[in-house]
Amino acid sequence: MSTDDGRTEAPSSAFGIAYSTEHRRHSSEEPLLQPSHEHLHQSSSPSSQEDESPHPQTSSPLKVWSLAIIIFYTVSGGPYGVEPAIRSAGNFYAILGFIVFPFIFCIPEALVTAELGSSFRHASGGVAWVEEAFGESMGFLCGYLSWISGATDNAVYPVLFLEYVGSVLRKSDDDEGNKSILTGWPRFGYVAAITVILAYLNYRGLDIVGKMSLVVCIIAMSPFIVLTIISIGGGKIVPSRWLRLPENDNTEGLFDDDFETSLGPLSMATFGGILWRPYLNNMFWNRNSFDSASCFAAETSCVNSYTTGLFVGLFLVVIGYIIPLLVAVGATDYSQYDWVDGHLGTVAIDVGGSWLGVWTIFAAGISSLAQFEAEMSADAYQLMGMAEKEFLPKIFKRRSKYGTPTMGIIAGIVVIISMGWADFGQLLELLNANYALSLLLEFAAFVKLRRCNSELERPYRIPISDRAAFLVVLPPTLGIIAMFIVSNWHVYLYTSGTLLLGSGIVRVREQMSHERAVR
């Protein structure tokens, strides 16, 4: 259903994560302002309104803590998936990375999102910024790359959950026959089944209040709270383990997957004993997606609530990685080679026993569920929003009887299941590449809008001059360039293919628009 100004209302998704641009009651003290740019206020046609079914509305603005927890889940969801950082760089550099990389990726991206998210209250988030700065075609390309990366990212969560299940099986049973159920076609079947079940929940549009996300966060982090208490109380933490450098310069055998060891311009570039390709990709994946917080600017009561929630979420993301990592590394004496995907489950068994390992698997499943639902909801509503801007066919505007965007969910299912063959590391590199490109477009839009649109209403403004604005996005831009330099040829081919397809769609759209104008 569309509002009078053409913006899209969305029902609450699972775990109370709502993707909506419904009008809110804003604080008279410091209201959120909507830029008066005509292309952001296009009205929906009568036909588009007929395609939409009634659906529930969110009734109250997001509170600071609700927004912070939603951002925590959009970006992180807990320390699940940090193992490749340790395996590629050893204890010391993994810990150092999770301390330093927030300054390279997290903080700059959060600052840009705070400024432009408070200026452009639109469900498409960064797409609106890029469209304002560079026009509709680049806005479409940004949304296209963002959706491709989001759908690929969603394929990570069923895979990551299976990796943790496999970790416990490897620890508790040496029978190779039992382990084989998580490989090959059985594994693909599990991924497909998990995807369909979770997508159905998203299709039903579970209307759970926003506070539920806090409960989910507590469940997901609870095993690490227990792990920390047991480790500290039992004197298990040995600080000297934090300082262990990579075990040797011979990195052969750390990553044995054909995709991860395939050649690129610098292949598996090694310097200082660090395998930089998996290391940088893991750091990038664990430290990004703050720009998605801009979807919630209209959900808050005032600028202060939006920016405070964003920065509290940033703080939760940082400590949600570093504290469990310090405990897990300090309380165990595993070799660098032991930190395979899902190894945190094994750590929990060693420190607290089998019961804590099972608890960790359960928490990983709950975390994956929440992240999957949040990502699928965002991706589906983004496609619907792009259809309402006439970027996509009208069929993507249609809603189910539950008010959810049916075709957007189906499109997500197709991409996720098609990625069921890939493992965690493979998915990470592919989604990072496309997301990095969309992020570069958003950074470029930030710089251009600072230089060329100084009159834009900015309820929150980064305290830096317009001429020096590029310095805010310089660190993450250099980090992205470094990540691309050490990528393999598979990533270049995949990224080139998605860019060519996106550019082709843009050209077709432009041609069709031109023909309609001539008529």
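Residues: numbered from 1 along the sequence shown.
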Pairwise side-chain contact, Phe105 with Pro108, heavy-atom cut-off 4.5 Å (strictly under): no
Scan the side chains in residues 138-151 for donor-acceptor partners under 3.5 Å anywhere in the protein, sequence neighbours excluded, and list what turns up.
from	atom 1	to	atom 2	distance (Å)
Tyr144	OH	Thr498	O	2.7
Ser149	OG	Ser146	O	3.4

Steps toward side-chain hydrogen bond (donor to acceptor under 3.5 Å, both in side chains) verdict (Ser119, Glu457): CA-CA 6 Å; Ser119 297; Glu457 189 76 40; over 6 Å; no
Neighbour count above 12 (heavy atom, 6.0 Å) for Tyr492 OH: yes
Polar contact flag, side-chain donor to acceptor under 3.5 angstrom, Asn488-Tyr494: no
Exceeds 12 heavy-atom contacts within 6.0 angstrom, atom CZ of Arg461: yes
Polar contact flag, side-chain donor to acceptor under 3.5 angstrom, Ser487-Glu429: no
Val317 vs Phe290, side-chain contact (heavy atoms from CB on, under 4.5 Å): CA-CA, chis, key distance, verdict: CA-CA 10 Å; Val317 168; Phe290 284 95; 4.2 Å; yes
Test log, rule salt bridge (Lys or Arg N to Asp or Glu O under 4.0 Å), inputs Arg450 and Asp466: CA-CA 5 Å; Arg450 270 298 194 103; Asp466 293 342; 3.1 Å; yes
Between Asn286 and Tyr321, a side-chain donor and acceptor under 3.5 Å: yes
Spacing of CG belonging to Leu441 relative to CZ belonging to Phe134, to within rounding of 0.5 Å: 7.5 Å
Charged N-O contact under 4.0 Å between Glu109 and Arg287: no
Criterion side chain to side chain donor-acceptor pair (under 3.5 Å) against Asn432, the qualifying member of Asp153, Thr152, Asn282, Asn281: Asn281
Ring-ring centroid check Tyr279 Tyr93, cutoff 6.0 Å: no
Audit row: Tyr460, Thr113, side-chain contact (heavy atoms from CB on, under 4.5 Å) steps and yes/no: CA-CA 10 Å; Tyr460 173 85; Thr113 301; over 6 Å; no
